[in-house]
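Presented below is the structure to which this report refers.
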Amino acid sequence: FKTANVILKPRLLKHFMETETLMDELPAATATAVEQPETPLQPPSSNADDGGVIQEFRTPEELVAKSIVPVKREYIRPPPSRPSTNNNNNAIVGVENDDAAEAKRAPLLKDKKSKRQIKRERREEQKSPLHLCPEVAKSGKVSACPYGDKCRFSHDVEAFKAVKPADIEGSCPFLVYEGPCSYGLACRFAGTHRDDVSAPTENLPGKSSELNFFNKDTQKLLWKNKMKFPKAEATLKLLGLKGNPKDKTLADNGENGQVAPKEPATDTKTDSNVVANDSISPSISPEDNVDGNNLADDRPLKKAKSSVNEICSSQVSSGLSVQGGVPDGNFGVNKSEPTADTTTDSDKSLKLHPREKKLIDFRDKLYLAPLTTVGNLPFRRVCKVLGADVTCGEMAMCTNLLQGQAAEWALLRRHSSENLFGVQICGAYPDTVTKTVELIEQECSVDFIDINMGCPIDVVVNKGAGSALLTKPTRMKSVVEAASSTVGTPVTIKVRTAYFEGKNRIDSLIADMGSWGATAVTIHGRSRQQRYSKPADWDYVYQCVRKAPKSLQVLGNGDVFSYVDWNNHKTECPELSTCMIARGALVKPWIFTEIKEQRHWDITSGERLDILKDYARFGLQHWGSDSKGVETTRHFLLEWLSYTCRYVPVGLLDIIPQQINWRSPSYYGRDDLETLMASDSAADWVRISELVLGKVPSSYSFAPKHKSNAYDRAENG
């Protein structure tokens with residue numbers, strides 16, 4: 001190694017300095033250069049650990065210029081030591097050689113199991129004493145199970161009590177509701193159950209405040225591919241989209257190339273928490289299949305034009321009106337039920353303009369963005385408590401919904417506290433999107449339906465959905481026109497600036513989006529290729545807002561992390577309806593409180609722990625208080641903690657407010673809990689989860705699902 005290499009590659013030099021055998025071989029000139037470098041060695045700035053930032057030689061302004069959080073010097077601590085992933089001294093730390101990588105892959109290939117083997121093991125696991133029959137758990141009596149010996153769960157109550165994990169500290173989350181806990185003996189808080197309550201009822205306490213349960217009869221019809229979509233078919237025929245070979249139907253499954261699924265014998269994924277509960281308080285009963293949803297009625301459709309006109313008229317006459325963001329009507333009512341049509345024949349010959357439908361005013365409302373994985377119902381409840389006005393469910397794929405997948409329909413679940421709620425769907429073709437919106441309007445209580453046209457994930461883009469639609473504006477128009485013409489529920493869209501960076505195109509399309517039938521459009525100020533790296537381009541968002549027609553509401557999205565960001569965007573562009581808040585809510589969900597109260601909240605670690613406790617309580621009410629529900633709640637809590645660790649308390653900052661793209665150094669909090677919450681170690685996140693959900697099993701491990709800051713591959717431009 002030459003002296004120049006020592007100065008240019010300090011990380012490589014440091015590794016060799018720690019290896020005595022290699023240090024003995026270094027030339028004397030190199031060693032001299034190490035002891036007395038010509039210029040001070042600066043810490044590396046590319047892909048370095050956030051905890052490896054050294055602040056002693058930098059002012060707060062210099063740190064901000066490097067996108068480093070300017071933490072006060074007295075709170076800075078040395079970065080924690082990270083174990084090396086490779087003990088081979090001949091390889092650079094953190095990079096595996098081919099032999100080590102192959103050795104790690106070998107057991108994975110060897111242990112790969114077939115689907116049949118996995119299914120058999122799952123059935124055997126259900127027969128273990130830990131998987132007590134839900135009906136037996138409720139009543140404590142073996143005779144309560146209607147399946148008797150044919151039940152796939154265990155009926156041995158004494159064996160279950162012997163192996164059941166210890167109860168968790170605290171009270172059962174269902175005690176706030178009338179009646180007993182439906183998890184009975186399986187509840188991890190069984191010791192707090194009251195003895196003076198009546199026998200368990202059919203309805204599950206704690207879920208009575210949840211809406212949009214999936215109708216099992218509808219699911220079976222979707223499994224058999226026998227569901228009828230009269231409104232969607234008429235709209236597609238009117239627009240000339242029916243029969244297009246590119247627009248595949250559900251039977252062909254053009255989005256993923258899969259064959260329509262057969263009706264499965266059992267649904268082992270949702271045995272104790274979904275199957276037993278999805279039939280409780282559904283939004284539509286089997287007898288409510290009317291007005292084209294009665295599948296036994298095979299009458300031919302009328303002419304396309306008259307059918308669509310009648311549909312548009314009935315949508316307005318039967319739709320729920322929205323007043324101040326609150327649906328005017330009873331939740332769970334079958335909105336597909338026909339009502340009296342008082343329009344004349346001459347009125348029916350006129351197609352209603354999209355703006356004549358019911359509208360939603362997004363102006364100045366605090367909008368929680370649809371967030372995959374973390375934006376579940378318990379998290380949205382937390383955000384509602386902290387001040388969010390508008391909430392939206394996680395993105396659901398159209399083909400999965402049309403196939404009747406219970407896990408996908410669970411993403412559309414709504415809590416009664418969400419008074420202005422929408423669902424987000426993602427599809428590649430007009431027919432699948434149109435059928436999906438018709439089905440959602442029939443089965444669910446929602447205030448708007450958002451179509452995702454900006455998702456950057458490869459698995460979505462490769463199917464032609466998400467941001468792939470940005471490269472096909474004609475198909476974008478067809479999707480929005482068909483969806484908005486089929487339903488009376490407002491349809492909104494969410495887009496990015498472009499597919500490729502530097503080739504923005506939304507400004508050339510936004511003038512026409514209102515005529516497509518969209519009520520609002522949300523623009524994320526990044527391209528698909530950019531993913532989440534680099535700041536959002538708000539100047540381009542403002543440009544699009546000014547080009548949009550006045551009838552179209554335009555929302556901005558990207559990097560809103562404080563009330564200052566919110567105020568700046570509203571001041572710079574008064575025409576902007578509102579800002580959608582995404583990652584800012586993940587890192588600090590109290591951002592909604594800060595915006596409403598116009599202050600920087602120096603929240604304490606105790607207050608943050610109370611928010612986590614609320615999330616755990618909401619999660620147990622949603623996923624269940626048995627062992628499976630506890631671990632599901634813990635999993636999603638840990639996913640959320642992988643974001644909250646990026647927050648730096650206001651009282652520790654030299655410059656306020658913190659920006660979302662700043663990297664945080666290692667620092668001490670003002671107490672031990674605050675220090676623990678600042679850790680980016682998954683082991684510490686598990687410790688935090690134990691404060692609210694009890695101890696984890698000895699073999700428990702967790703790895704976060706998302707790595708959102710990745711830049712796209714070079715082959716994508």
Side-chain angles (χ1 to χ4, degrees), residues 49-51 67 69 366-388 391-392 394-395 455-457 524 526 531-533 535-536 557-562 565 580-594 601 603 605 607-616 618-619 632-650 652 657-667 669 673-689 691-693 702-710:
D49 283 343
D50 293 346
S67 296
V69 180
L366 301 184
Y367 189 165
L368 172 65
L371 301 165
T372 304
T373 303
V374 188
N376 43 59
L377 186 145
F379 177 78
R380 298 197 305 269
R381 288 185 65 183
V382 169
C383 292
K384 283 295 296 183
V385 172
L386 293 171
T391 55
C392 188
E394 302 175 63
M395 183 185 74
C455 180
I457 301 175
H524 185 177
R526 291 183 172 90
R531 296 291 177 96
Y532 294 93
S533 61
N557 175 223
D559 300 344
V560 178
F561 202 49
S562 66
D565 297 332
M580 179 183 285
I581 304 174
R583 288 184 298 161
L586 293 177
V587 178
K588 56 171 193 178
W590 52 91
I591 185 176
F592 302 106
T593 304
E594 291 185 340
W601 185 1
I603 188 170
S605 59
E607 291 172 323
R608 293 170 66 184
L609 183 62
D610 289 338
I611 293 176
L612 298 181
K613 289 180 179 179
D614 287 340
Y615 179 87
F618 297 154
T632 302
T633 303
R634 188 191 306 277
H635 171 79
F636 287 107
L637 174 61
L638 292 172
E639 290 283 0
W640 182 25
L641 290 175
S642 68
Y643 288 93
T644 60
C645 65
R646 305 178 190 180
Y647 172 74
V648 180
V650 174
L652 276 60
Q658 177 186 354
Q659 299 298 314
I660 199 169
N661 62 327
W662 288 355
R663 294 178 293 117
S664 173
S666 295
Y667 64 91
L673 180 57
E674 195 168 73
T675 303
L676 183 64
M677 289 180 170
S679 174
D680 60 353
S681 170
D684 289 331
W685 304 338
V686 173
R687 291 177 58 193
I688 296 174
S689 74
L691 298 177
V692 295
L693 290 171
F702 170 79
K705 178 180 179 181
H706 290 283
K707 296 181 180 178
S708 62
N709 203 33

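Quick caveat, the model's predicted, so the values are computed rather than measured.
Between Pro378 and Phe636 the shortest side-chain heavy-atom distance does not fall below 4.5 Å. Considering only heavy atoms from C-beta on, Tyr367 stays 4.5 Å or farther from Asn557 through its side chain. The shortest side-chain heavy-atom distance between Met395 and Cys455 falls under the 4.5 Å cut-off. Contact annotation: the side chain of Leu673 approaches that of Met677 to within less than 4.5 Å [non-hydrogen atoms, C-beta and beyond]. Leu386 places a side-chain heavy atom less than 4.5 Å from the side chain of Val382. Looking at heavy atoms from C-beta onward, Val69 lies in side-chain contact with Pro665 at the 4.5 angstrom threshold. Using a 4.5 Å heavy-atom cutoff, the side chains of Val692 and Leu609 are in contact. Looking at Asp565 and Ile660, their side chains never come closer than 4.5 Å, going by heavy atoms from C-beta outward.
With rounding to the nearest 0.5 Å, the separation of CG in Leu612 from OG1 in Thr644 is 6.5 Å. In this structure, the separation between CD on Glu674 and CD1 on Ile603 is 10.0 Å, given to the nearest 0.5 Å. Atom CZ in Arg583 sits 8.0 Å away from atom CG in Asn661 (nearest 0.5 Å). The line from CZ of Phe561 to CD of Gln658 is 4.5 Å long, rounded to the nearest 0.5 Å. Atoms CD and CG, on Glu639 and Leu586 in that order, are 10.5 Å from each other to the nearest 0.5 Å. For the atom pair CG of Asn376 and CG of Leu371, the computed distance is 9.5 Å after rounding to the nearest 0.5 Å.
What you find for Leu366 and Phe592 is that their closest heavy atoms are CD1-O, 3.5 Å. A pairwise comparison of heavy atoms in Arg608 and Pro649 identifies NH1-CG, 4.4 Å as the closest pair.
Taking the ring centroids of Tyr643 and Trp685, they lie at or beyond the 6.0 Å cut-off.
Look at Arg381 and Asp614 and you find no salt bridge, because none of the NZ, NE, NH1 or NH2 atoms lies under 4.0 Å from a carboxylate O.
Residues forming a ring pair (Phe, Tyr, Trp, His ring centres under 6.0 Å) with Phe618 (at least two apart in sequence, or on another chain): none. Partners of Trp640 under the ring pair (Phe, Tyr, Trp, His ring centres under 6.0 Å) rule, at least two apart in sequence or in another chain, are Phe379, Tyr615.
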Audit row: Val648, Tyr667, side chain to side chain contact (heavy atoms under 4.5 Å, CB included) steps and yes/no: CA-CA 9 Å; Val648 180; Tyr667 64 91; 3.9 Å; yes
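Judged purely by atom type and a 3.5 angstrom limit, Asp559 uses its side chain to pair as donor or acceptor with the backbone of Ala536. Here the side chain of Glu394 pairs no donor or acceptor atom with the backbone of Thr372 at under 3.5 angstrom. For Arg380 (side chain) and Gly375 (main-chain N/O), a donor-acceptor pair under 3.5 Å exists by modelled atom type.
Using modelled atom types and a 3.5 Å distance limit, the side chains of Arg663 and Ser67 yield no donor-acceptor pair.
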